[in-house]
Protein chains: 2
Amino acid sequence: MSQENAIEFPEASFGDAGMGSARPDAEPGGGMPGLGPARPVNLRELVYDQLKDAFMVGYFAPGDYLNLRELADRFETSITPVREAVRRLVAEGALIDAPGRALRVPPLRRSRLIDLRQARIGIESMVTEMAVQRARPQDLDKLEAILDEAVSKSPKSPIDELTSNRKFHFTLYGIGGSPTLFRIIESLWLQYGPFLNLIHYTIDPNIRGSHKDHRRIIAAARDGDSGAARQALVADISRSFDILDAYTQKPR
Amino acid sequence: MSQENAIEFPEASFGDAGMGSARPDAEPGGGMPGLGPARPVNLRELVYDQLKDAFMVGYFAPGDYLNLRELADRFETSITPVREAVRRLVAEGALIDAPGRALRVPPLRRSRLIDLRQARIGIESMVTEMAVQRARPQDLDKLEAILDEAVSKSPKSPIDELTSNRKFHFTLYGIGGSPTLFRIIESLWLQYGPFLNLIHYTIDPNIRGSHKDHRRIIAAARDGDSGAARQALVADISRSFDILDAYTQKPR
DNA sequence: TTCGTATAAAATATCACAAATAACATATCA
DNA sequence: TGATATGTTATTTGTGATATTTTATACGAA
């Protein structure tokens with residue numbers, strides 16, 4: 001792993017519901033803790049959730065290799081639940097089967113970057129427009145609160161940065177109200193995560209997000225202007241892809 | 001299963017590359033048989049491919065229950081590769097974990113139908129526009145050939161119908177050139193498949209597709225008119241969802 | 001020194017089986 | 001008769017063992 005000395009492997013507490021009610025298919029009882037369906041959480045899901053978090057916050061870098069035994073040791077389970085979690089990540093494009101029975105984070109490839117950019121812009125902008133059309137004032141207040149909290153935190157580590165960015169985006173997409181598209185966006189972000197690692201740990205460790213685009217999205221949503229919200233989102237997404245694009249074209 | 005007496009479980013030959021070169025990430029050596037990477041295909045992938053086909057051609061109906069042991073017996077493997085294939089289908093939304101340790105095809109729900117419709121229209125129309133912008137004349141000739149072949153076949157079974165429809169669509173989306181979006185569309189069709197079962201085996205066993213929209217897509221593409229192609233595609237997709245929508249609202 | 005072959009090590013894929021869990025059937029009680 | 005308790009059965013989930021494949025290493029021959 002490329003982060004042995006930089007960040008801890010994410011240790012989400014097992015009782016943590018992650019993004020809470022950001023999900024568009026959140027249970028109706030979501031507002032009352034403990035009143036969701038009583039359902040055991042199996043090891044496979046627990047392992048997957050942790051790997052998912054790790055991917056989305058950029059714990060893995062493009063080209064990294066993974067190994068079922070090491071992961072099983074780390075999670076203190078047998079190989080099977082790890083394998084099932086990992087197979088799912090392969091299906092979602094976050095990992096590939098590399099030659100030699102290896103599991104690998106897809107290496108940096110310009111064609112893939114372009115493809116992912118296109119997919120993210122196409123789908124996330126669609127869902128942003130949907131969110132603008134559906135948003136109630138309290139939804140936007142919540143987005144504003146997430147932004148305010150992000151701004152008030154200081155100093156910012158890359159993890160803090162990425163976590164609040166992710167929270168903003170997924171709250172927004174949750175408002176869009178499409179569980180199907182929300183899930184698809186999650187899989188896109190799983191693929192995107194290693195590129196975030198590249199930006200924050202290789203390209204420019206001092207880079208910090210500007211919240212300007214996020215503010216514009218909220219303002220546009222308050223005006224019911226889905227076109228403007230879309231534009232702000234596209235600008236936001238494009239910013240990081242431009243950095244990555246330049247990096248792939250830099251002679252090295 | 002709802003089809004015990006209607007159709008055979010799809011038995012794709014193991015050497016069959018499925019849609020062949022329709023995939024946008026087809027190997028560069030695709031034009032020369034046998035010169036792709038030499039790579040063993042494991043049981044898990046074989047099982048998954050067959051289940052994928054089964055889903056897409058509407059072998060399963062909304063609400064069907066599946067069972068690992070039965071599937072393992074049918075595929076003549078142990079449970080493990082079946083389990084891994086099935087977990088993937090769960091991740092893709094084609095199956096859900098039902099209460100009581102069961103695996104279930106998601107039941108018919110209007111909200112889900114609407115969500116899937118929206119996702120399909122949003123994403124597939126985007127890829128259609130991309131395809132129009134990228135298509136070479138021979139690509140369109142190929143689409144035309146698929147259509148001609150579909151028309152010349154008679155009589156048409158639902159399976160023939162669905163297979164040629166699928167071939168048309170996926171060839172079109174492959175021309176779009178985005179492996180990421182292509183894979184997403186596949187997962188949408190996995191979810192859509194059981195609704196096809198409903199249309200062809202419950203709602204109207206005599207229904208047959210009209211190729212009119214497909215023809216319009218090709219004509220628009222020849223004119224380089226991505227807007228018209230988009231409209232034709234949206235009409236095509238909407239047609240079946242309208243039938244399903246009416247069915248869910250019919251008092252029964 | 002280079003190349004070919006054999007062997008060992010490492011990693012995944014599959015299998016067999018035990019444990020956990022939920023549903024169902026049956027018996028008992030009020 | 002309906003409600004509750006208990007036992008049985010079916011199915012998934014997780015563990016550990018085994019099989020298979022790939023890579024690394026050692027050794028001998030040219």
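Within every chain, numbering begins at 1; the chains are lettered A, B, ... in the order of the sequence lines, protein sequences first and strands thereafter. The analysis underlying the following values was restricted to heavy atoms, covering all of them including side chains, and did not include hydrogens, waters or symmetry mates. This is a predicted model, so every value here is computed, not measured.
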Listed partners of A:D242 passing side chain to side chain contact (heavy atoms under 4.5 Å, CB included), at least two apart: A:R117, A:S238

Side chain to side chain contact (heavy atoms under 4.5 Å, CB included) against B:D115, all qualifying residues, sequence neighbours excluded: A:S178, A:P179, A:T180, B:Q118

Sequence-aligned protein contact record of nucleotides 13-19 of chain C, with B where the base is within under 4.0 Å of a protein heavy atom and S where only the sugar-phosphate is: BBB----

Rounded distance (Å) that lies between atom [atom2] of [N] and atom [atom1] of [X]:
{"X": "A:R69", "N": "D:dT15", "atom1": "CZ", "atom2": "P", "value": "14 Å"}
{"X": "B:N67", "N": "D:dT9", "atom1": "CG", "atom2": "C1'", "value": "13 Å"}
{"X": "A:L103", "N": "C:dA10", "atom1": "CG", "atom2": "P", "value": "18 Å"}
{"X": "A:E70", "N": "C:dT12", "atom1": "CD", "atom2": "P", "value": "9 Å"}
{"X": "A:F75", "N": "D:dT15", "atom1": "CZ", "atom2": "C1'", "value": "18 Å"}
{"X": "A:L71", "N": "C:dA10", "atom1": "CG", "atom2": "P", "value": "18 Å"}

Distance-only polar pair, side chains of B:N165 and B:E161, donor-acceptor under 3.5 Å: no

Modelled atom types, side-chain donor and acceptor of A:E92 and A:W189, under 3.5 Å: no

B:E84 and A:R88 ion-paired at < 4.0 Å: no

Contact check, side chains of A:I199 and A:Y247, non-hydrogen atoms, under 4.5 Å: no

